[in-house]
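Please read the structure below before turning to the comments.
Atoms within a ligand are numbered from 1 in the order they appear, just like the ligands themselves. Just so it is clear, the values below take in all heavy atoms, side chains as well, and ignore hydrogens, waters and symmetry mates. Throughout, residue positions are numbered sequentially from 1 according to the sequence presented.
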Amino acid sequence: MPTRNYDVVVLGTGPAGESAAMNAAKSGKRVAVVEASEQVGGSCTHLGTIPSKALRHAVKEIIVFNTNPMFRDIGEPRWFSFPKVLNRANKVISKQVKGRTEFYARNRIDIYFGRGRFKDANTIEVGTGEQGPETLVADKIVIATGSSPYRPADIDFNHPRIYCSDTILSLNHTPRTMIIYGAGVIGCEYASIFCGLGVRVELINPGKKLLSFLDDEITDALSYHLRDNGVLIRHGETYDKIESTDRGVVMHLKSGKKMRADAFLFCNGRSGNTAELGLENVGIEVNSRGQLAVSDTYQTNVENIYAAGDVIGWPSLASAAYDQGRAVAAHMYNLEGAHFISEVPTGIYTIPEISSIGKTEAELTAEKVPYEVGRAFFKHTARAQITGEAVGMLKILFHRETLELLGIHCFGDQASEIVHIGQAIMKQNGEANSLKYFLNTTFNYPTMAEAYRVAALNGFNRVF
Ligand SMILES: Cc1cc2nc3c(=O)[nH]c(=O)nc-3n(C[C@H](O)[C@H](O)[C@H](O)COP(=O)(O)OP(=O)(O)OC[C@H]3O[C@@H](n4cnc5c(N)ncnc54)[C@H](O)[C@@H]3O)c2cc1C
């Protein structure tokens, strides 16, 4: 096989790899991407963000259908199986793959399917199967190989009733009961999805509370609503052993409790995909979770080798991975947007949805910032009353003297959209970042955006 020369070779076609490749190609560089799986899109498209969000959307529609009194006039509630709902998600994946494949063609980016491996700091060998390895030589190389679910060795993930967040997408029936071990974002999202399908879910959290990085009030609301929807949450528990039989899975906890379920989903941590990259050939080391350290220009300790996305750890979000990938190419070629991505909103697609940006009350209290709180409960807004999506709250934290916005925390329908209005104002410089924007601006009515005006008035009335 001949050697092929490029300006940039990108390993991985998830959001980080795609945006690095596109940005480099748009500035006129010769770019190739290497993808270990059979289609572009990364685990974002095939195993993570897209399937879980499509599943969740379908489940929310089922919940509305089964609980909205208007639909009861035309018939009884219906039962939907997991495979049926998954089928809907797969259609979205196909559309995403088609669109993304076209982006590469349109931008004249060559795609090599196969696992990429460093031979030296400028050379990647791609195992392209029967034709033998392809050799790609480039000035710059980007590692955007993502992450995979952590799978402890003492759990038999080959057992048909034991799943991780990748293999759950091959579940071909609807279990009656499920234990989800790990109550991070992925565990909480899947707890919402399965309980929305009528599965009795036990959510086992090794930590003390759910999603402790969120504002306390939001975490409390999530716990309340998950329980209200039927999820049994156990905090501060770790597993001792997992026994699996043909009929189910029994989890023994270190506290002496044991519980049984038809299916077991382990979602406790992820590791960077670095094991087979041949990093030893270029002198790059990884941490205990397989992640790479990068500088604020996304360079590894080898100057021409960059890394972005889940493989570098925090925040491990598709949203940030896109921006990191773009920033990588911007740093390489002095383009606009060459900055380190440090302010990232959280978007958590539980039922109810959660989103936030900025500081929490606990952080502001610890920093002794004199802040005030403005709240708007969705149940009081006309739009939520019309849509029937009355669960939720928007909370604005602001400096009580300068009125500067310090944090936006939201839960309820469309929370991850709503937060961006607050984010836009928070990004303004100087006095433009102020609660006053919401007091002096006319909002469409009825909208969920109007919650900003309600929350701002509520908070402003506390300032004396
Ligand atoms: C269940 C779940 C739900 C999620 N929900 C959200 C969400 O709602 N919002 C959000 O922002 N984020 C979400 N995430 C996180 C998001 O999916 C990741 O942050 C994102 O996919 C990271 O993008 P990436 O480009 O770093 O890697 P990935 O998307 O993982 O892509 C990496 C690609 O590299 C390929 N690869 C690996 N090794 C090699 C190699 N040696 N050679 C060539 N190719 C290789 C892989 O096959 C893969 O295609 C979720 C994750 C999961 C698991």
Q: Return yes if some donor-acceptor pair links the side-chain N/O of Asn304 with the main-chain N/O of Ala121 below 3.5 Å, else return no.
A: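 Side chain of Asn304 to backbone of Ala121, a donor-acceptor pair under 3.5 Å: yes, one is there.
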Distance to 0.1 Å, residue and atom name: give those for the protein heavy atom nearest to [atom].
atom: atom 26 (O) of ligand 1; answer: Asp310 N, 2.8 Å
atom: atom 42 (N) of ligand 1; answer: Gly116 N, 2.9 Å
atom: atom 13 (C) of ligand 1; answer: Thr49 OG1, 3.1 Å
atom: atom 12 (N) of ligand 1; answer: Ala318 N, 3.0 Å
atom: atom 45 (C) of ligand 1; answer: Ala36 CB, 3.6 Å
atom: atom 21 (O) of ligand 1; answer: Cys44 CB, 3.1 Å
atom: atom 3 (C) of ligand 1; answer: Ser52 OG, 3.4 Å
atom: atom 34 (O) of ligand 1; answer: Gly12 CA, 3.3 Å

Option set [options], criterion heavy-atom distance to [atom], minimum:
atom: atom 39 (C) of ligand 1; options: Val126, Leu47, Thr145; answer: Thr145
atom: atom 33 (C) of ligand 1; options: Arg56, Glu189, Glu35; answer: Glu35
atom: atom 2 (C) of ligand 1; options: Ala321, Ser148, Gly48; answer: Gly48

**Q.** Six-ring centre of Tyr150, Arg270 cation under 6.0 angstrom, axis tolerance 45°
**A.**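 Not flagged: Arg270 not positioned over aromatic ring of Tyr150.
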Q.
Check whether Tyr333 forms a cation-pi arrangement with Lys29 (NZ or CZ under 6.0 Å from the six-membered ring centre, at most 45° off the ring normal).
A. yes
For residues 197-206, tabulate all N or O donor-acceptor pairs below 3.5 Å that involve a side-chain atom, not counting sequence neighbours.
residue, atom, partner, partner atom, Å
Glu202, OE1, Arg234, NE, 3.1
Glu202, OE1, Arg234, NH2, 3.2
Asn205, OD1, Gly207, N, 2.9
Asn205, ND2, Gly207, O, 3.3
Asn205, ND2, Lys209, O, 3.1
Asn205, ND2, His235, ND1, 2.9

Can you name the atoms of ligand 1, numbered from 1 with element, that are less than 4.0 Å from a heavy atom of [X]?
X: Leu317; answer: 10 (C), 11 (O), 12 (N), 19 (O)
X: Arg270; answer: 53 (C)
X: Ser316; answer: 15 (C), 19 (O)
X: Gly309; answer: 26 (O)

Q. Angle class for the Tyr112/Tyr6 ring planes (parallel below 30°, perpendicular above 60°, tilted otherwise)?
A. perpendicular
Q | Contacts of type side-chain hydrogen bond (donor to acceptor under 3.5 Å, both in side chains), residue Asn287, not counting sequence neighbours | A |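 Listed in chain order: Gln291.
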Q. Taking the six-membered ring for Trp, is the centroid-to-centroid distance between Tyr298 and Tyr306 below 6.0 Å?
A. no
Close N or O approach ([X], ligand 1; < 3.5 Å):
X: Lys53; result: yes
X: Ala16; result: yes
X: Ser43; result: yes

(Q) Heavy-atom contact check, 4.0 Å cutoff: does Gln324 meet ligand 1? (A) no
(Q) If the test is salt bridge (charged side-chain N to carboxylate O under 4.0 Å, His left out), which one of Glu189, Glu61, Glu353 qualifies with Arg56? (A) Glu353
(Q) Does Arg117 form a salt bridge (charged side-chain N to carboxylate O under 4.0 Å, His left out) with Glu280? I'd like the steps, not just the answer. (A) CA-CA 10 Å; Arg117 188 178 160 80; Glu280 62 285 0; 3.2 Å; yes
Q. With a 4.5 Å heavy-atom cut-off, do Thr238 and Tyr181 have their side chains touching?
A. yes
Q. What are the two closest non-hydrogen atoms of Cys44 and Pro51, and how far apart are they?
A. O-CD, 3.8 Å
